[in-house]
Each structure stands twice: as C-alpha cells, then as structure tokens.
Amino acid sequence: MKNILILGSGGREHAFAVSLANDKNVSKIYCAPGNGGTASICENVNLDILNAIELLKFVNEKNIDLTVVGPEAPLANGIVDEFQKAGQLIVGPDKYGAQLESSKIFARDIMAKYNVPSPKYVACSSRDEAEIAKNDIGLPVVVKADGLAAGKGVIICDTEMDFKSAMITMFDEKSFGDAGEKVSLEQCLIGEELSVFAVCDGTDYVILNSAQDHKRAYDGDQGPNTGGMGAYSPTPLSTPEMLEKVGETIIKPTLDGMKNEGYPFKGFLYVGIMIVDAEPFVIEFNVRMGDPEAQVILPLLESSLFDLLYYSSMGDISKAEIKISNRTAVTVVLSAEGYPGGYPKGMEIHGLDNLQNDLVYHAGTKLSNEKIITCGGRVINVVGFGENLQKAIDDAYRIVDSIDFSGKSYRKDIGQRGLKYISEK
Ligand code: AMP
Ligand code: GLY
C-alpha cells in the first residue's frame with residue numbers, strides 16, 4: 001500500500017485524489033495545499049509547492065511513495081530534477097521537458113526538428129522581426145508570448161490593426177513581462193479544436209481520451225477567457241482513427257525527439273490540436289493534466305490510476321493495464337459571481353450533503369467551522385455521465401440544480417458544440 005502526495009488545490013487535484021483514494025494500491029494521500037473536497041479524503045498540508053527542499057523533507061518524513069504534480073509551475077521550476085536527484089518518484093517531465101509548455105518557441109523548435117505537424121512559425125525578439133515575419137506568414141496571424149502567461153499570452157490578429165495592438169501589448173506595454181520578451185508568430189490554423197491526453201514513460205505512451213474545454217466565461221463562447229468553464233470527454237471529433245493518427249504523427253515523434261535530445265519525456269502530455277482538412281496539427285503542448293479536463297478524463301479511466309502514474313515515472317508504462325469507459329462525461333464549473341474578474345469569497349455552499357452517488361469535485365472551496373465555503377473563482381465542478389453526450393449533459397445539469405451558493409454562476413451550453421458536430425456528421 002502506497003502513500004501519495006498531490007500538489008495543487010483545484011478541481012483537477014480533487015479528481016486525482018478521488019481516483020487515487022478508490023485505488024486498491026493506495027493507503028494514505030496528502031494534498032498540498034488542497035481544498036475543501038480533498039480535506040475529506042486526504043490530509044491537506046500547508047506546503048509551498050514551489051519549494052523542492054520543503055517538499056522533499058516532507059516526502060522523507062512521511063514515506064511518500066509517489067508525488068503527483070497538478071499545475072505546471074513546479075514542473076517548469078524543475079521539481080522533477082530535484083526529486084530524481086534525491087531518488088524520489090514523481091510524475092512529470094524534468095525541467096528540460098517541461099519547456100514544451102513553458103516556452104512556446106522551444107516547443108515549436110522541437111516540433112519543426114522532428115517533423116511534428118504544426119503551423120508555420122517564426123521566433124521573434126523585436127517588433128521589427130515580428131513585422132517581417134507577419135508579412136511573410138500573412139494575416140490572420142497568431143502572436144504568442146514565449147513564456148508562461150496563465151493561458152492569456154495568445155493574441156489572434158485578423159487585421160493590421162489587431163497586429164499593431166498586439167505589438168503594443170507585447171513589446172511596448174510588456175503586458176506579459178519576461179514571458180513576452182520573445183514571441184512566436186504563427187500561421188493561424190482554422191478548423192476544429194480538441195485536446196488529447198496521453199501519459200508517457202520516456203519512450204512509450206498511452207492515450208487516455210480526448211476532451212474539449214470551454215474557455216470563455218459566457219454562453220456561446222462569449223466574454224473573457226477563464227481557466228475553463230466546463231469540458232466533455234470524449235469529443236465526437238476523436239474517432240479511433242484520429243487518435244491513432246495523433247499518436248503516430250504527433251506523440252511518438254515528440255517522444256522520440258525528446259529522447260534524442262537526451263531528455264526522455266515522462267508524465268502527462270496534453271496535446272492541443274486543430275484538425276484542418278481531416279489532419280491534426282499541434283496548437284500547443286502542456287505537460288500536465290488539464291483543469292477542468294481531468295475532471296472528465298479521470299473518472300472515465302476504469303483501470304488503476306496509481307499503476308498508470310507509477311509505471312510512467314518508473315519508465316515502463318507497458319506494465320499498466322488500461323481500461324477506459326465507453327461512456328461520456330460532462331463537467332460544468334460553478335463559479336463565483338464576477339469570475340474571472342473580482343469576486344466575493346466566503347459564501348456557504350448548500351446541497352453537498354445530499355449528493356448520494358453524484359460526482360462533484362471541489363475547486364475554490366475550503367472547510368471552515370464544519371462548513372464548506374467558497375474561497376476561489378471556480379468553486380465546484382459537477383460531473384454527469386451518460387451513454388451519449390446528450391444524456392451526460394442532462395445528468396450534469398441535474399446535479400448543477402442540486403447545489404447552491406450565493407452568486408452561483410455557470411455556462412448553460414457545455415457540450416453543445418459536441419452535439420453540433422454530431423448533428424453535422
Ligand atoms: P494556447 O494558449 O496556445 O492554447 O492558445 C489559446 C488558444 O488560441 C487556443 O486554444 C486556440 O484556440 C488559439 N490558437 C493558438 N495558436 C493557434 C494557431 N496557431 N492557430 C489557430 N488558433 C490558435
Ligand atoms: N483547461 C485548460 C488547461 O488546463 O490548460
């Protein structure tokens with residue numbers, strides 16, 4: 001029986017915790033810092049997830065067998081390198097591999113070197129270089145801050161005016177700080193977007209499933225960008241043939257490439273894809289699970305999550321049995337009024353005690369005086385299931401109605417794009 005440490009505090013980390021708590025291999029789970037949901041199945045611990053020394057001290061004291069990293073920042077900081085030096089098992093890529101997410105230019109250079117299907121791009125360090133690249137690529141063009149920008153560093157320019165204003169944002173106002181010192185100027189791909197999630201062991205990979213996120217705050221994909229307001233899995237776009245193509249043309253050459261560079265890639269690979277004329281192209285790589293995509297991908301995994309993560313970090317994923325449900329899952333994020341702008345905190349959440357078998361992951365919640373109260377923008381993720389997308393949507397919104405807090409906000413159209421794809425097939 002194994003002891004686990006999970007790093008992070010969102011719905012994704014609660015989803016990891018629930019799957020691992022139900023795993024026969026797992027005895028005790030700690031979550032740093034965790035939330036009101038992880039508090040009921042883990043021991044929440046107040047550790048700085050960016051401080052490898054503090055984490056390793058804890059791992060030694062508590063005999064942790066495996067550490068699971070939720071967000072990208074510890075990976076980009078090199079936590080895996082520190083754990084490997086100390087002989088401790090952790091899930092994820094080393095600092096070099098984490099650049100597939102933390103540097104958009106690094107990622108594009110790897111894709112170009114190893115023939116991974118991707119849009120034309122030019123790395124630019126100045127406005128003049130960007131102007132020349134834009135004239136070469138043509139409009140519409142995508143301007144991407146090279147570094148981590150909390151999902152906000154991408155500007156799509158349809159017109160010359162858009163491009164001028166993107167240049168001001170990146171190079172004059174320096175809105176993304178150091179992250180925007182260099183930019184990747186990219187051909188704008190037009191097609192259907194989906195994400196594919198794989199777990200890698202340095203050489204091989206397993207595809208878990210596909211998902212589609214809903215990044216904008218309001219119905220009809222309107223309003224400001226958020227961390228994600230809901231997701232569903234699988235998407236009707238991901239036929240078995242498409243997933244195989246993603247594996248063969250994108251994931252395999254990327255893993256071979258990283259190995260060739262001397263840094264075999266382990267952990268989650270989240271592949272953001274645009275399908276153009278039935279061919280998949282990479283929009284972005286992330287080196288972790290998505291949030292809220294984990295909340296639909298993980299509950300559809302019927303085999304042991306522990307085995308999968310353990311053998312990924314041991315470098316032998318072929319030892320992990322993989323079984324994925326053929327049902328559909330839909331998660332709807334309940335957020336605080338005002339999110340992603342300013343929002344109040346501390347509202348009591350009602351209805352959580354009457355859930356019975358319904359699946360609800362906590363995100364911005366905490367336990368306070370025996371009550372669960374809100375303490376973040378994305379508060380609760382309900383998850384519905386069904387034998388098809390429509391039934392999963394209905395199930396999710398049924399659960400939405402059973403939970404309440406003052407200012408509860410959510411999108412009413414999660415999954416509708418998927419229904420549209422199905423009706424157009
Ligand atoms: P990212 O932060 O890289 O996921 O980009 C945010 C969003 O911008 C993506 O989800 C896409 O919708 C869009 N995007 C990024 N790169 C491109 C591209 N080269 N072509 C078209 N859309 C893109
Ligand atoms: N849901 C988007 C992300 O996790 O990056």
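Each ligand, and each atom within it, is numbered from 1 in the order the structure gives. Keep in mind that the numbers below use all heavy atoms, side chains included, and drop hydrogens, waters and symmetry copies.
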Legend entry - Subset of ligand 2 atoms that lie under 4.0 Å from at least one heavy atom of D213: 1 (N), 2 (C)
Inset, instruction - May I ask you to list the atoms of ligand 2 that are less than 4.0 angstrom from any heavy atom of G290? - result: 4 (O)
Legend entry - Residues Y343 and E337: side-chain donor-acceptor under 3.5 angstrom: no
Legend entry - Sub-4.0 Å heavy-atom contact, S195 with ligand 2: no
Legend entry - Nearest non-hydrogen protein atom, atom 13 (C) of ligand 1: I156 CD1, 3.9 Å
Inset, instruction - Measure from the side-chain N and O atoms of R378 to the backbone N and O of G228, and report whether any donor-acceptor pair falls under 3.5 Å. - result: yes
Inset, instruction - Measure the distances from the heavy atoms of K144 to every atom of ligand 1 and state whether one is below 4.0 angstrom. - result: yes
Legend entry - Short N-O contact, K2 and D23, less than 4.0 angstrom: no
Legend entry - Shortest protein contact, atom 1 (P) of ligand 1 (heavy atom only): E284 OE1, 3.4 Å
Inset, instruction - Report yes if the distance between the aromatic ring centroids of Y96 and F106 is under 6.0 Å, otherwise no. - result: yes
Inset, instruction - Please confirm whether the backbone N or O of R216 pairs with a side-chain atom of R411, one donor and one acceptor, at under 3.5 Å? - result: yes
Inset, instruction - Could you tell me whether P119 approaches ligand 1 through its side chain, its backbone, both or neither, with non-hydrogen atoms closer than 4.0 Å? - result: side chain
Inset, instruction - Quick one: look up the protein heavy atom nearest atom 15 (C) of ligand 1 and list residue, atom name and how far away it is. - result: I283 CG2, 3.4 Å
Inset, instruction - Please determine if D291 has a nitrogen or oxygen closer than 3.5 Å to a nitrogen or oxygen of ligand 2. - result: yes
Inset, instruction - Please say which of K104, K134, R108 ends up in a salt bridge (Lys or Arg N to Asp or Glu O under 4.0 Å) with E186. - result: R108
Inset, instruction - Would you please say whether a donor-acceptor pair under 3.5 Å links the side chains of N35 and S9? - result: no
Inset, instruction - Check each atom of ligand 1 against the heavy atoms of C188 and keep those under 4.0 Å away; list them by number with element. - result: 20 (N), 21 (C)
Legend entry - Short side-chain donor-acceptor distance under 3.5 Å, Q99 and Y263: no
Legend entry - Polar atom proximity, E193 to ligand 1 (N or O, under 3.5 Å): yes
Legend entry - Contacting atoms of ligand 1, where contact means under 4.0 angstrom from a heavy atom of K215: 10 (O)
Inset, instruction - Within a distance under 4.0 Å of any heavy atom of E293, pick out the atoms of ligand 2 and give their elements. - result: 1 (N), 2 (C), 4 (O)
Inset, instruction - Check the surroundings of atom NZ in K412: do more than 12 heavy atoms from other residues, nucleotides or ligands lie under 6.0 Å from it? - result: yes
Legend entry - Polar side chain donor-acceptor pair, Y114 to N260, under 3.5 angstrom: yes
Legend entry - Shortest protein contact, atom 19 (N) of ligand 1 (heavy atom only): Q187 O, 3.1 Å
Inset, instruction - Kindly indicate whether a cation-pi arrangement holds for K174 with F176, taking the cut-offs as under 6.0 Å to the six-membered ring centre and within 45° of the axis. - result: no
Inset, instruction - Apply the side chain to side chain contact (heavy atoms under 4.5 Å, CB included) test between L100 and each candidate in N286, L75, T254; give the one that qualifies. - result: T254
Inset, instruction - Give the contacting part of V142 toward ligand 1: side chain, backbone, both or neither, where contact means a heavy-atom distance below 4.0 Å. - result: side chain
Inset, instruction - Look at K391 together with D394 and state whether they make a salt bridge at an N to O cut-off of under 4.0 Å. - result: no
Inset, instruction - Among all protein heavy atoms, pick out the one at the shortest distance from atom 8 (O) of ligand 1; state its residue, atom name and that distance to 0.1 Å. - result: V154 CG1, 3.5 Å
Inset, instruction - Around atom 5 (O) of ligand 2, find the nearest protein heavy atom and jot down its residue, atom name and distance. - result: R288 NH2, 2.8 Å
Inset, instruction - Identify, for atom 22 (N) of ligand 1, the protein heavy atom at the shortest distance, and state residue, atom and that distance. - result: M274 CE, 3.9 Å
Inset, instruction - May I ask you to identify the nearest protein heavy atom to atom 20 (N) of ligand 1, giving residue, atom name and distance to one decimal place in Å? - result: L189 N, 2.8 Å
Inset, instruction - Answer yes or no for G272: is there a heavy-atom contact with ligand 1 below 4.0 Å? - result: no
Legend entry - Contact with ligand 2 for A231, non-hydrogen, under 4.0 angstrom: no
